[in-house]
Novice: 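The structure follows.
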Amino acid sequence: MDEQPRLMHSHGVGMAGHPGLAPHMQDGATAADGEARKQDIGDILQQIMTITDQSLDEAQARKHALNCHRMKPALFNVLCEIKEKTVLSIRGAQEEEPPDAQLMRLDNMLLAEGVSGPEKGGGSAAAAAAAAAAGGAGSDNSAEHSDYRAKLSQIRQIYHTELEKYEQACNEFTTHVMNLLREQSRTRPISPKEIERMVSIIHRKFSSIQMQLKQSTCEAVMILRSRFLDARRKRRNFNKQATEILNEYFYSHLSNPYPSEEAKEELAKKCSITVSQVSNWFGNKRIRYKKNIGKFQEEANMYAAKTAVNAANASAHGSQANSPSTPNSAGGYPSPCYQSDRRIQ
DNA sequence: ATTTATGATTATTA
DNA sequence: TAATAATCATAAAT
């Protein structure tokens, strides 16, 4: 970083310090001219090389001498004139950078994940979404979730410190370059437009670095999400109460264990899981029950007895005759054993 | 360390 | 298109 300004600096002095260059360029194309020009270029190169060897003080002194030269204002005006004539060709290269779609996507995602958003308020949209995606298993997901949040805030912290570092470096560099250009504008014509252009170039460079940071942050968040939120990878059993409710329904509807969409919704609500989780559970249960009925005999008896007790309690309590809408036992007493008239095929 | 249980996913079927 | 059957990946039990 330190070498750069000095080089540019010296360069500026070097250019201004060689008015002898001009006459040669304007000469006609004689035979000897080629040789002379070669010699000239060699000369310039030599000068440049020696400039880099000069001490800073030496260069400073030389610059000062140049600035005080009596011909300086006149030469400067000439330079300005020449520039006026040539600057038009540069104007054409004014490309307005379109707002990068990729960058916007990254920004949106970071905002949505709560990385670049406001500081850790519990009610970030991402946290809520994550909670919903994790399935409302209530008790157990809080520990897991705090882990997730901790990792996320770690990512956020790294992201912010890095971002700040880049921003600071960018500003530093920009002011450095601007100062340099302002300084040089005393010896060569530099319009504010050009400074602006330079600054925008610098900003583009730095924003491409920022983009990399954002990209890798996004990746990290995605990995974190998939590790913590992908229910398949980190399978959590439903809590005891939920499986109880589901089993109760299953065994009390053993003759037709296909809950309607409505029933599924109610079960989902009672178990605080999603409807599709209810569907999964019944799908798994049906196939596994069918595959090995013997294994489930005990469980079946248990739940049959349970619903019987529930029914008894309910009827003893007063009005209703039966709590399940379609109990599998016709006679009012649940059959504890396997029935052959199941309709699972 | 292995085995079993279990929630989710995927391919197949009717 | 929902149910089934097979399979995956992990939790829990042994």
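Throughout, protein chains are lettered first and strands after them, A, B, ... in sequence-line order, and every chain is numbered starting at 1.
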Novice: Less than 4.5 Å apart, side chain to side chain, heavy atoms only: is that true for A:E299 and A:M302?
Specialist: no
Novice: Nearest whole angstrom, please: distance from the C1' of C:dA3 to the NZ of A:K285.
Specialist: 18 Å
Novice: For residues A:V275 and A:E261, determine if any side-chain heavy atom of one lies less than 4.5 Å from a side-chain heavy atom of the other.
Specialist: yes
Novice: Between A:Y289 and C:dT4, does any side-chain N or O lie under 4.0 Å from OP1 or OP2?
Specialist: no
Novice: Under 4.0 angstrom, heavy atoms only, what part of the nucleic acid is A:K295 near: base, sugar-phosphate, or nothing?
Specialist: sugar-phosphate
Novice: I want to check one thing: is the phosphate of B:dA8, taken as OP1 and OP2, less than 4.0 Å away from some side-chain N or O of A:Q277?
Specialist: yes
Novice: Is there a donor-acceptor pair closer than 3.5 Å between any side-chain N or O of A:D40 and the backbone N or O of A:A36?
Specialist: no
Novice: Closer than 4.0 Å, any side-chain N/O of A:K291 to the OP1 or OP2 of C:dA6?
Specialist: yes
Novice: I want to check one thing: is the phosphate of B:dG7, taken as OP1 and OP2, less than 4.0 Å away from some side-chain N or O of A:R236?
Specialist: no
Novice: A:F238 CZ to B:dT6 P: how many Å, rounded?
Specialist: 11 Å
Novice: Nearest whole angstrom, please: distance from the P of B:dT6 to the CH2 of A:W281.
Specialist: 10 Å
Novice: Let's test your reading of the model: under 3.5 Å, does the base of B:dA5 pair with the side chain of A:N237 as donor and acceptor?
Specialist: no
Novice: Can you tell me if the side-chain N/O atoms of A:K290 get under 4.0 Å from OP1 or OP2 in C:dA5?
Specialist: yes
Novice: Given C:dA6, C:dA11, C:dA5, which nucleotide is nearest the side-chain atoms of A:I287?
Specialist: C:dA5
Novice: Rounded to the nearest Å, what distance is computed from the CZ atom of residue A:F296 to the P atom of nucleotide B:dT4?
Specialist: 14 Å
Novice: Distance check needed: C:dA6 P versus A:N292 CG, whole Å only.
Specialist: 14 Å
Novice: How many whole angstroms separate atom CD of A:E261 from atom C1' of C:dA3?
Specialist: 13 Å
Novice: What is the distance from CZ of A:F282 to P of B:dT6, rounded to the nearest Å?
Specialist: 15 Å
Novice: How many whole angstroms separate atom CG of A:N239 from atom P of C:dA12?
Specialist: 12 Å
Novice: Measuring from the side chain of A:R288 (C-beta onward, heavy atoms only), which nucleotide among C:dA3, C:dT7, C:dA11 has the closest atom?
Specialist: C:dT7
Novice: Please indicate whether A:Q168 has more than 12 foreign heavy atoms, meaning atoms of other residues, nucleotides or ligands, lying under 6.0 Å from its CD.
Specialist: no
Novice: Regarding A:R235 and A:N237, is there a side-chain donor-to-acceptor distance under 3.5 Å anywhere?
Specialist: yes
